[in-house]
Amino acid sequence: MIGNMAAHSVPSTLKRLLFAVKCSPLQSRCCVVQREAQYSTISSPNEKTFDKILIANRGEIACRVIKTCKKMGIQTVAVHSDVDSSAVHVKIADEAVCVGSAPTSKSYLNMDAIMDAIRVTGAQAVHPGYGFLSENKEFAKRLAAEGVAFIGPDTHAIQAMGDKIESKLIAKAAKVNTIPGFDGVVKTAEEAVKIAQQIGYPVMIKASAGGGGKGMRIAWNDEETREGFRFSSQEAASSFGDDRLLIEKYIDNPRHIEIQVLADKHGNALWLNERECSIQRRNQKVVEEAPSTFLDPVTRRAMGEQAVQLAKAVQYSSAGTVEFLVDSKKNFYFLEMNTRLQVEHPITECITGLDLVEQMIRVAKGYQLQHTQEDIPINGWAIECRVYAEDPYKSFGLPSIGRLSQYQEPLNLDKVRVDSGIQEGSDISIYYDPMISKLITYGATRAEALGRMEDALDNYVIRGVTHNIPLLREIITHPRFVSGHISTNFLPEVYPDGFKGHQLEADAKRELLASAAVLYIAAELRSAKVLSTQRVASTPVESSHWELCVELGEERQDVQISKSGTVYTVEIDGAKVEVWGALNLASPLLPLTVNGTHRMLQCLSRDAAGVIVLQYLGTLFKVRVLSKLAAELNSYMPEKASEDTSSILRSPMPGTVVAVSVKPGDTVAEGQEICVIEAMKMQNSLTAIKQAKVKSVHCKPGETVGEGDLLVELE
Amino acid sequence: MAAISVARSSCGLINGFKVSLRSVARVKYGAVSVTVPQTSLHRSCRWYSVSHLSVKERIDQKREAALQGGGQQRIEAQHKRGKLTARERVQLLLDPESFVETDMFVEHRCADFGMEQDRNKFPGDSVVTGRGRINGRLVYVFSQRNVMASGVIPQISLIMGPCAGGAVYSPALTDFTFMVKDTSYLFITGPDVVKSVTNEDVTQEELGGAKTHTTVSGVAHRAFENDIEALLNLREFFNFLPLSNQDPAPIRESHDSSDRLVPSLDNIVPLESTKAYDMLDIIHAIVDEREFFEIMPNYAKNIVVGFARMNGRTVGIVGNQPKVASGCLDINSSVKGARFVRFCDAFNIPIITFVDVPGFLPGTAQEYGGIIRHGAKLLFAFAEATVPKITIITRKAYGGAYDVMSSKHLRGDVNYAWPTAEVAVMGAKGAVQIIFRGKENQAEAEAEYVEKFANPFPAAVRGFVDDIIEPATTRKKICQDLEVLASKKQVNPWKKHANIPL
């Protein structure tokens, strides 16, 4: 059982641990103790599995696997690249081997070096985590050749499920719902209509040879099918020289729901319920939950049973995930099967009480599953937010890098689990995935888990890199998300013009401004508290009433503050806001009670000129607080001309310049590509905002650039 | 006490009306001296010749006129230029209602070029002076540069307008000079004279603007966006300073616990000794509340100096910056460091030094420029300083540069080494090339040298470092040591004054 996360009865030892955690002021320093509390004691302590396991991965998943190994009494070997030599997974493993330099192809994908590490350390098994070599059949083969256990399915299953076309055929044969469709030569429009009617509207029509969504037409009726046929067949012939058309069921408002399966080497397989992963950006999951608000027991069982059928069809063993698209009428269709531990596995652990890593290790050793389908519960609700080092204001997240100058996980809160592989002082580099952690909250109900997630996000201190907590908090509090009305189009539908941060309502704005003003006064009062004796005595500051002016963006508000005891009363915009709380000026966290409501604000910076940057409701706000006099005089200060951003192209993120498409003297049209920057597996084309002549180029292909670096100047 | 000097504007009397443009602000006597030249005077101010008024009425009228400065029109003109009037500046700098003005009735006595006419006379002529308080602590706002006050009270100048000719020595003689970007200039001779003498074309901004003086000449110590930001920062800065050389470094209430561990420091120094890191990251992580008031942040960036607090007590921080020129010492960084160390020593501010220095910068430019003489300033300053001196060697401490950086040999009170410290004559590669010149097996010799010297032990064995400490405990250790050293009394032999190698 996964201790406090899932079980209703928390063993007394765990309670003590949690208690100890809550009382400790040094939150970030006792992560090991805290983490212990987030996992169960293992299910079969006397079962012999392996003596030593090598984890062929890095970051949070390596740490995650090592923790379960420790509980099972298994020695662990970490592998790492040179830049990762002081990473957390290296520190917590029993042994560590450097397998190469920073680029993944030289280290974490370097099979030769990893095989050497296995030989040197005498590891009996390898857990591949996710990504890297986890679905690499060549790696699995090489391990098998040396008699080392691969903690995952066997080569056959990896291969079968690794090929998109083959996996669909196998799924079809195993009676798993696949997206109905037709792939072949369609001669006439009427034939296309006939096919479409058989499939059922809406349908998607495109040239078979066209990749991805290119040239895709959606038809909702016969007329649109005819039109789509004409367009697509012309395109098929002219662009690809290949007449074949693909007519397929179009999934309207699809949800991405996946079933966790667990199978052993004895033909037993279980489904461990679903995970709802519809909140995505650029096909990457951002927020996941288990169970899904959308599935009823009948659909769940149907999906689960099909997933198990597929697993059995490929003699699957270990943990795996069968991904489905689910339409608005709860029809579900097989997408693909991932033959590894998924990133989002913790939410399944929360609601089922199973430790999936432990189960994978047992299965790899050849043990039978301990559970039957009836043993698998859905206990409560779990939500996972992927906390990334990225700027959510740019395309819902462009990578950011830097050093975590301050970092504090919200582990002081109950029923919060943080899977991370970093700590204060760690570098988020351009070499690897920019994920900081997975933040998981659990509750008896969805509302409870969501409420806890809000608190956890507010209590999570991350400094030194830009992160996506503003977006995560907006998602989990958005009415559409709260009501469960989501699809994979959630983000573009909810934020058609891109994410803009939390939009403050009048009340919330008053609270924010009042809090900033109170913080300003607290700092002012403290400035006068000089403890050393001076030859000329300081005059004690006795004021308890102040007139200030607070600015947020273009807005200015006069504010009156009075202090009585520890309570500040702020008059702002005709309303009174009462604020009190621990105004510790050294703490990044600012727990305030504002008009009776507990608010966890964060103070990112406070400068002499009155600029206070606060994180409030997840979003950063820059507030300026000035005395009334300073504010009046401030109106005389000149506006400094800011840089003309239309003629200067700066790198929106750190990365490598892949291509520069212009040279000085060229004339570029609006929207024309100027250069391409690659960062963390993504190529980003940067385009001209206006038509202009290129004045100068400051980058060349292959060069590494930082965020904000000047790339090209236009005239 | 602290003093702010609202200085008399330096321009000649002929330029009487322009005087208002040049504001030189200084802070003196534990006080800030802000030179706040008055804008010109009231046009209709003929009150003093109206003899039938009672003395009382005359006083009131004059006071009224003085408060008006040059009159509404001139105040507006000043505002239009994006500047504040002298009185507004003083008001903003000081605690509300704390200003006590002196010499409000002073008028100029110039009789040439028609200046004697009533319409050219204004009470409180050209400067505003007096005393007040900043966060309750005494400060003088005044106008006279005062060599004798140097080392007695901290003096700060805030340049808020053009300042030229001999007047530039007014701020130059004070301890710190701050400037306002785009509106303040300092030069001995202006662009017109430059043009006529050297035929050089140069703008005021290029010649003596805030950017020039904070990045190229090193004349000014900080620059701020506008009058308001400058004055508010001056208030903040003032909080760090003692009121005089008779006062201890101030201790402000601290919310940051003195025994806070800083685990992020345990892996801040990269494993490769050639790789850079940011010394500011270490400083921010160690000091109270991550507050560091950096002095000359854009000049000689290979050394970092500035003020911070440890458990509430003001300290001066000096650190090599590996991010810039590997943190080597050169002429500019030596002078920057030396002046800062001497200020701290003069005003009882303990000095904490973070060392990661590969040596002095070699080359003809440096030798011809007199690196020996200038490097000696830093050596001299650290050696003569009698305030508590705590030194942390984070990585390289090579050769003479190690010696200079507040080493044990210069009477350092507590000298720590991190486990990554390498105290040696030079790096392994350079040493091996010299010691084993022409020999084969250079790599082996290098490995041996690294094993022997690229670690803190040789220095610890000889007592050059007092302890090898876990980086995470650095803050805690410094705070404890400062408590113990608070009672340190060290007296240098009597002398008229020392002869620092200038």
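First the proteins, then the strands, lettered A, B, ... as listed; each starts at 1.
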Using heavy-atom distances under 4.5 Å, tell me whether [X] contacts chain B through its side chain, its backbone, both, or neither.
X         : result
Leu583(A) : backbone
Arg463(A) : neither
Ser635(A) : neither
Lys91(A)  : side chain

[X] versus chain A, the contacting section by heavy-atom distance below 4.5 Å:
X         : answer
Lys181(B) : both
Arg133(B) : side chain
Ser257(B) : neither
Asn267(B) : side chain
Gln91(B)  : both
Ala230(B) : neither

Less than 4.0 Å between a side-chain N and a carboxylate O, is that true for [Y] and [X]?
X         : Y         : answer
Lys83(B)  : Asp227(B) : no
Asp256(B) : Arg290(B) : no
Lys211(B) : Asp182(B) : no
Glu483(B) : Arg313(B) : yes

Compute whether any side-chain donor of one residue and acceptor of the other, for Asp82(A) and Ser85(A), lie under 3.5 angstrom apart. no

Is it the case that Ser420(A) and Glu409(A) place a side-chain donor and acceptor less than 3.5 Å from each other? yes

Which one of Lys529(A), Gln406(A), Met637(A), Arg526(A) has the most heavy-atom pairs closer than 4.5 Å to chain B? Arg526(A)

So which residue, Gly312(B), Pro270(B), Gly82(B), ends up with the most heavy-atom pairs under 4.5 Å with chain A? Gly82(B)

Picking from Ile268(B), Ile228(B), Asp281(B), which has the most non-hydrogen pairs under 4.5 angstrom with chain A? Ile228(B)

Residue pair Arg222(B), Glu294(B): steps toward the salt bridge (charged side-chain N to carboxylate O under 4.0 Å, His left out) verdict: CA-CA 8 Å; Arg222(B) 279 288 284 264; Glu294(B) 194 174 349; over 6 Å; no

Within 45° of the axis and under 6.0 Å from the centre of the six-membered ring of Phe240(B), does NZ or CZ of Arg309(B) qualify? yes

Might you confirm whether atom CD of Glu639(A) has over 12 heavy atoms from other residues, nucleotides or ligands at distances under 6.0 Å? no

